[in-house]
Every structure is written in structure tokens, then in C-alpha cells.
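The structure under discussion appears below in the form of C-alpha cells.
Proteins come first, then strands; the chains are lettered A, B, ... in the order of their sequence lines, and each starts at number 1. All figures in this text were calculated on a predicted structure; none of them were measured in a lab.
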Amino acid sequence: MIDKRVISFKEAVADIPDDAVVMIGGFGSSGIPLKLIEALRQHGATGLTIISNNAGVAEEGIASLLRDGLVRKIVCSFPRSAGSIWFEKRFEEGSVELELVPQGTLSERIRIAGAGIGGFLTPTGYGTKLAEGKETRVIDGKGYVLELPLPADFALIRAESGDPWGNLIYNTAGRNFNPMMASAASITIAEVNSIVAVGDLNPEHIVTPGIFVDRLVAEEMHHAQA
Amino acid sequence: MIDKRVISFKEAVADIPDDAVVMIGGFGSSGIPLKLIEALRQHGATGLTIISNNAGVAEEGIASLLRDGLVRKIVCSFPRSAGSIWFEKRFEEGSVELELVPQGTLSERIRIAGAGIGGFLTPTGYGTKLAEGKETRVIDGKGYVLELPLPADFALIRAESGDPWGNLIYNTAGRNFNPMMASAASITIAEVNSIVAVGDLNPEHIVTPGIFVDRLVAEEMHHAQA
Amino acid sequence: MLRLNPEQMAERVAKDIPDGAYVNLGIGMPTKVANYVSGDKLVIYHSENGILAVGPAPAPGEENPNLINAGKQYVTLLPGGCYFDNAESFAIMRGGHLDIAVLGAFQVSARGDLANWATNNDKYPPAVGGAMDLAVGARKLFVVMKHTDREGEPKILEQCTYPLTGTGVVQRIFTDLAVIDVTPDGLQVVELFGSNTFDEVQALTGARLLPPA
Amino acid sequence: MLRLNPEQMAERVAKDIPDGAYVNLGIGMPTKVANYVSGDKLVIYHSENGILAVGPAPAPGEENPNLINAGKQYVTLLPGGCYFDNAESFAIMRGGHLDIAVLGAFQVSARGDLANWATNNDKYPPAVGGAMDLAVGARKLFVVMKHTDREGEPKILEQCTYPLTGTGVVQRIFTDLAVIDVTPDGLQVVELFGSNTFDEVQALTGARLLPPA
């Protein structure tokens, strides 16, 4: 018997402790688990390390976690979008630490954390400030930086639809970081629009195999049963 | 204007030179570009290095290339299946060199060749004969082997269906090595059952984006026009 | 002495597969384990070539040549299953996502080293497949093998004499005589089949065993 | 002197995008290039967040909040396009599969170093996105930028003074004054706009230029 459905967003994040490392899917406004983030904000765990491509805009998503002072560190490729006022404020006052990672290095570090790989050599960032302090090497005349895996305690991800086994499909560019993050956390929690029956997703079309997903929560389910 | 269709299997492989490094998709009997391999055999390029999970059985596929003496070296995880008589014969007589690679290392070395990554650290094979002569390191008490990319001059792959832009979908477990190989060769040639119009494949379901594919050839096309 | 036959060995392994587990079964005897997992458990089988939720063999005439398992046998897919490429399949294996892998072995050492891919016969061409990835990647690695080889020599040894598949990777050994755990203290016998005695099993083992508690 | 406006600069870059090319356009001025690519060419645009064959902006009311480009603008997908995750998207970028990337820049050096992600203002929080991956990965890297900055200081220099995005990565620079190639011999002027003279352009450049052949 495998049923990964959880009854509410609140319950889905209830065991995230203070100082947890939490990955959050999304790129810009696309593919963000906004309801899980809001549940995490209300849950109130502090000292969080957030791994995400962006740092949120206005009062929404990761920005709300920064505003409420729940974030100690953010690992991110592009924290400063138009409207990232809370990140900018927390950064300026020195209350949040930033680890800036080139985007492709960020997604690959997450991927290898899920794939059991101990590191990879990337040409990205070689010879730049973002490679400072990192091991480098030159192979066949080309410079590479050694990058290490980036795992997390929890991943909060967003998909279009899932089944009780945790198989997921996405909506257009909403995939972005979500499939890699699903594989790279000890506990992966997926927010979906709808949950379908096991077997209803075409096996050729499943993007994230259920083995990567621990909990699944849908909007309707929440509304119907909360 | 993008149209990657080629009129025949023969034409698709006509420029593969002697001593080329050729990747061939497939696992066991599944997802093998048999018609492209037969065209390559008839084309007759010699001194080939073949990268593939298996070495063929009976007189078919890679076994036929070994039989005809076209192969100098094979890079492979499992060359010896029941019926791999031609591989066994060529290996025994010392006329073909074998580079044995654990299967997950093989697929990841192919993947990173397509992804512009210079190497990766894998725990697979650490402390074994297959790591001999390779750079190793211990991180947090766990041993890793440094593995390097495995690119090719040509990839011969097999998919279920494709469009003139080279977008591909597969049949069940026929994916196996084909998507990674598509990304890792200078020239990727796909054998498909059918070619559909651009736009007929659902963009959510495409497994191999057309950017990785250079030539596409279908059985019907071959029969209709040869 | 009671020596289980291969079917009984598979049945014994099956008892240790919990409900809801994600499991990879190696080629040969390990594949039989699925036949003995109780019907009230849902176990999801992974196949290294790129399948999750492998189902039973297809009916004659229903075979899809693309849909095979790692042993190159025709299979089906259960509802809820899916396909992926080989790199993702091995990310699942190497990344610690499988609860249990069951493999056969030539030899296992006292500290859990596994030798199951090659003998010392250099003329015979070697083949490794996915064994090394499974060995390092599965959360628990079960070995199922006869306690001794065809010549009656022990297969559980202080040190493997055949080339290793992985070092310190085996958690539990199921033989035809006993079940033995690899622990930090040594090889712990956890079950003796029938009326087999500890001393009888120790006599057929090339490493020191710890008696059942 | 003739100074092209941003629309004219985008139009000039568009002339150098060949039919059938796979292209990534950076945020800002580079994005405008698509507006000027001739309708008889088929160019496939890649977006780093995971799209191939990005189409035009959707009609009002037709926006899908998930379907955005790297600049976070709503887009559509052309028939023949597809989606993939970020790791695969960057495999495309870093793996040399894109024919051309067009990026803006703060500075470019005589040997093709690119600085386009940070200034030396440490108080302002930095952001890098996918610029470094594109810089190392695209087969050809075009830079489009004004020849001088707001203070009239040259942006083409012997050495960049801002933090680098990549070293030796730029092939061609399109400014409002000229088109300049980075070659092993140095910065080769290949086109002077209008009646701009080599000496005029050299005077606004912080590195030695080679005159057009």
C-alpha cells in the first residue's frame, strides 16, 4: 500500500524544524509551491537555509519568509528581481547570508545530490569571482571548477498533477527546478493542482517518478477536507 | 527552415569514416537502431570504436559489425550476453579492445559529454579493479572515482516517433541510452518508426528535444522512396 | 543439514521485503523473490534499464520487444509505473532511492565486501552491468547465494579472492543454510534453517561467525 | 558620429542570425533581436528556464503564469517546441548545443573576457542567473551594448575592471558605433556604421583596434 497524499498544506510541512535546509522549486512566477511556502511561513520554523533560483518578489513566496525573519541563508542564482524588496532589505542589513551560484551549476549541484554523485567539473565560472576558493583544474586546455552536491532536508515543489504514488507531471515551463529538487531532499513535498488515480497518468508522460516524492497535497483536497 | 529528414538509412550513415567513434543506443533487444547499424555495416567503415551497453547477440546489430571485423574497440558495460558469440570470439582472439564501464558510469559519462561537464565523482567502482589507474578521492569518509566525459563522433539512436525538427518520443523501456547519446555526439542520427508533422508531438511529452538530433530516418520513408 | 532449494531461498528473502518498498532484483535467483512476496504487500520493482513498477510477464503474443527487464526478459508495467532513461535510472540506484537491492554473489567478505561480477579467469570476457551501482547505491543490499560453491568451498570469507563489486556494501546474506547480517562487530547469524547448528554453518564458512543471540 | 539606437542595434544583430539557428537571447536589449529577424528565416529560441522554440507574447487574457521566459515575461510556444527541466536546459547551454547566444555587457576585454553580471558595488546584492553558463557554452557569443557607458567611458577595454562572467568567451561585439570581432590577433573592426571613422571609434575604445581589411 502506497499513498503519499497528505490532507493539508499545514500537515505537509508540520515537521520542518528550525535550521532546516529547504529547497523551493520555481523560476520567476512559474512553478512555485506558493501554498506550501505559505504553510511553512505560518508554521514558523526559523533559521532556514533556502535553496531556490530566486528570492521572491513583493510579499509573496520566499519574500514572505524573508520578511518574517525565518531565513538565515539563501542559496540562489538570481536573488534580485524587480520587486525583491525583502531580499534586498535583509541582505543590506546583513541578516541573511547569500551563496550565489550560477544557475546551471545550481541545477546540476541539486541533480547530483539526488543522483549519488560526489562532485562535478564545470567550465562555468572558471576564472571568475564565483570560483574563488574552489578547486579548479585544466583538462585539455579548458578550465573547470569542482562543484559539490547540494542536498536538502526538505524540498517543496510544484507540479500540475500527481497520483497517490507521487508520480508527477508539470505545466509547460513550470518544471524548471522542481524535478531535480524532488530527487535531492530527504523529504520531498509536492503541491499539485489535482490528484488523479494511480494508473491515470500515462507512463510515457510522467516526468517525476513517484519514488522521489514523499508527500503530495492538492488544493481541492485541502479545501474539501480542511 | 529546419528539416532533418534523410531519405534512406544508407544516406544517413554515408559520411561515417574509418576509425570513427560511434555510439549505439539500446539495451538488450530494446531500443536498438538495427536498420542504421545494418546500413553502417554495409557502408563498411573500419576501425570503429563502438560505445554501447551491450555487444550484440547472434548475427544481429553490433554483433554483425564485430563479425565483419569493423570494430577496433568497444566501450561497454555488459558485452557478454547469452549468444554474444562474435564479441566472445573477437575478444578471445585479441582483435577487439574492451573498455568495461559500470552501467551507471557509462550513462553518466555519456550524459556529461552532452552537458559540457568535464568529469564527475562517482562512488561506483571505488575500491574495485575497474577503478585501477583512475584518480580517486575520499569526501566525508566516502570514496569516489573521477570519471571523464565520453563523447562520440556519431550517435545512432532509436526512437518511436519524431518530427522534422528532430523531436523524439520513445517506446516504453526503449529509451535506455538513446536520449543521453543524442546529446553526446557531433552528429546524431535517429531511426524512428514514423515521422509526424512539426507540432504533432505534444510539447509536454517530447523526451529528446530536436536540438540534439541532426538526422532522422523512418522505415516508411525508406521503403516509400528507396 | 537442511539446505534450502533456490525457490525456498527466494521465499525466505521475500519475507524481509516490507510493504511499500522500492526494490531492485538482480538477474537470476534474485528475480525469483518477486514470486514469493505476499499478495497483501505492494512492492514496486525497479529495472535498471529504465522502469519503475515492473509487472509480470506478458501473455504470449502480447510481448513488446522494447519492454524488457534487466535480464532481457519480456515484462509488463503496472498501473502507476513509468519509464525513464538510463541516466535517471542510475540516479535512482546510485542516489540511495531504492530501499532494497537483492543480488547474487560469488563471494562476500566479513566486512561486507561483495564479489559478483568476475572470477579470476582473464580469458573469459568480463561484464559488469549495473551491479557496482546497485552495490554502492541501494539503502540495503541483500545477497542471496548458496553457502558454498560447487566444489564445496565457502563463499563467505575473511577476504574475497575474486574481483570486488563494492567494498563494505552488503547488509544481509541469505544462503541455503542461514541468514547472516554484516555488522560492525562481525558476521552475525540471525537465523539457522531447520535444525542446522551454528557449528555446522561455521564449519562451512571461511570467516568467523557470531552466534545468534 | 552615427550612434544606432537600441532598436537599430537589435536589427543589426538580427542580420547575423542565420536560418535554422538555435539561439538564446539575454534579458533586455538582446531580447529585441527576435523582432528583427527576417520572416524568411526559421530561428529557434531557447529560454534557460526550460523552453525550446519560444513564441511571441500571448494575446491579453491568454497568459499562462507558468509559461514565461528568462526575463519573466509571458510567452507562448511555437509548434515543434518543447519543455524540459532546468538541468537539461543548462546541459543544452553548457554542452555547446546553442549556435548563438546574444548577451548584454558592462565590459568586454581585448581577449574576449565578458563582464556583465556585477559591478564593484559590494553593497548592492549580486545576481548572476544563467549568464556564466551561456558565456562558456554557446558556440558563438555575441555581445550587444553601447560603445561607451553613461559617463562616456569606454566599455571595450584591455582588461575588464568589473567582475568577469567568463574569460575569452566573446566572438563578436555589436555596439552603437561598430561591429568588432575578437580574434587571436586582437579586436578586429568588421563594420563601421554610417560615416563613422576608424579613428573616431578607436578614440572611444579602451583597447587597440585593428582597422577593417
### Task
Using the side chain to side chain contact (heavy atoms under 4.5 Å, CB included) rule, take B:Val13 and B:Ile37 through it: C-alpha gap first, then chi angles, then the decisive distance, then the call.
CA-CA 9 Å; B:Val13 302; B:Ile37 300 173; over 6 Å; no
### Query
Under the side chain to side chain contact (heavy atoms under 4.5 Å, CB included) criterion, do D:Ile51 and D:Leu67 qualify, and how do the steps go?
CA-CA 9 Å; D:Ile51 313 173; D:Leu67 189 44; 3.8 Å; yes
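In terms of heavy-atom proximity, D:Gln171 sits nearest to D:Arg139 at OE1-O, 3.7 Å. Considering all non-hydrogen atoms of both residues, B:Ser183 and B:Met180 come closest at OG-O, 2.8 Å. Between D:Met145 and D:Val108, the shortest heavy-atom contact is CE-CG2, 3.9 Å. Contact record, B:Asn178 with B:Gly174: ND2-O, 2.9 Å, taken as the closest heavy-atom pair. Between D:Arg208 and D:Leu187, the closest heavy-atom pair is O-CB, 3.9 Å.
Contact residues of residues 14-48 of chain D toward chain B are D:Asp19, D:Gly20, D:Tyr22, D:Leu42, D:Ile44 (heavy-atom distance under 4.5 Å). The stretch residues 108-126 of chain B places B:Arg111, B:Gly114, B:Ala115, B:Gly116, B:Ile117 near chain D, each with some heavy atom under 4.5 Å from a heavy atom of that chain.
Proximity to chain D (any heavy atom under 4.5 Å) is shown, for B:Ile211, by both the backbone and the side chain.
Within the structure, the ring pair (Phe, Tyr, Trp, His ring centres under 6.0 Å) test picks out the following pairs touching residues 172-212 of chain B (sequence neighbours left out): A:His205-B:His205, B:Phe212-D:His97.
Side-chain N/O atoms of B:Ser77 and B:Asn53 include a donor and acceptor closer than 3.5 Å.
For D:Asn86, the side chain to side chain donor-acceptor pair (under 3.5 Å) test picks out A:Gln103, A:Ser107, with sequence neighbours left out.
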